[in-house]
Asks: 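The structure is given below, and queries will be raised subsequently.
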Amino acid sequence: NLAWIQDRLRPSATVDDLDITIRADAQTSGGLLFGVDPDHTERVLSSLDESGHAAAAIGSAQPGSGLIHITT
């Protein structure tokens with residue numbers, strides 16, 4: 001995952017190598033992340049919480065160049 005993401009990644013100056021590694025690790029990406037319509041985020045988070053799952057909104061997707069911008 002890290003090799004694939006390198007050419008697409010534009011981290012801000014405040015993002016360190018550990019942050020990048022965690023985001024690219026197969027154990028912390030892929031199946032553990034999914035997209036939700038922004039209008040439904042709070043409802044989905046509440047439903048996950050009620051069913052015993054820890055969840056958080058961690059970012060958003062925007063149309064663009066395909067580069068991944070990470071900020072803290």
Side-chain angles (χ1 to χ4, degrees):
N1 285 346
L2 188 56
W4 179 85
I5 202 172
Q6 288 295 343
D7 292 341
R8 297 164 181 84
L9 189 63
R10 297 298 180 267
S12 70
T14 59
V15 175
D16 62 24
D17 288 341
L18 179 59
D19 288 325
I20 294 168
T21 301
I22 289 172
R23 286 171 173 86
D25 187 280
Q27 296 177 73
T28 57
S29 64
L32 300 177
L33 298 175
F34 64 94
V36 174
D37 183 311
D39 294 336
H40 301 290
T41 302
E42 292 304 317
R43 182 178 55 80
V44 169
L45 289 174
S46 292
S47 294
L48 287 166
D49 184 56
E50 289 169 9
S51 66
H53 296 87
I58 63 166
S60 62
Q62 307 292 326
S65 65
L67 297 176
I68 301 166
H69 297 269
I70 298 176
T71 60
T72 56

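As the structure is a prediction and not an experimental result, all values here were calculated from the model. Quick note: residue numbers are just sequence positions, from 1.
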Asks: Looking only at heavy atoms, which two atoms of Thr14 and Asp19 are closest? And how far apart?
Replies: O-OD2, 4.5 Å
Asks: Are there more than 12 heavy atoms of other residues, nucleotides or ligands under 6.0 Å from atom CD1 of Ile58?
Replies: no
Asks: Looking only at non-hydrogen atoms, find the nearest pair between Gln6 and Arg10 and report the distance.
Replies: O-NH1, 4.3 Å
Asks: Honestly curious: do Trp4 and Leu9 fall in one hydrophobic cluster under the side-chain, below-4.5 Å linking rule?
Replies: yes
Asks: Taking atom CG of Asp37 as the centre, report whether more than 12 heavy atoms of other residues, nucleotides or ligands fall under 6.0 Å from it.
Replies: yes
Asks: Sequence neighbours left out, what passes side-chain contact (heavy atoms from CB on, under 4.5 Å) with His53? Give chain and number order.
Replies: Leu48, Ser51
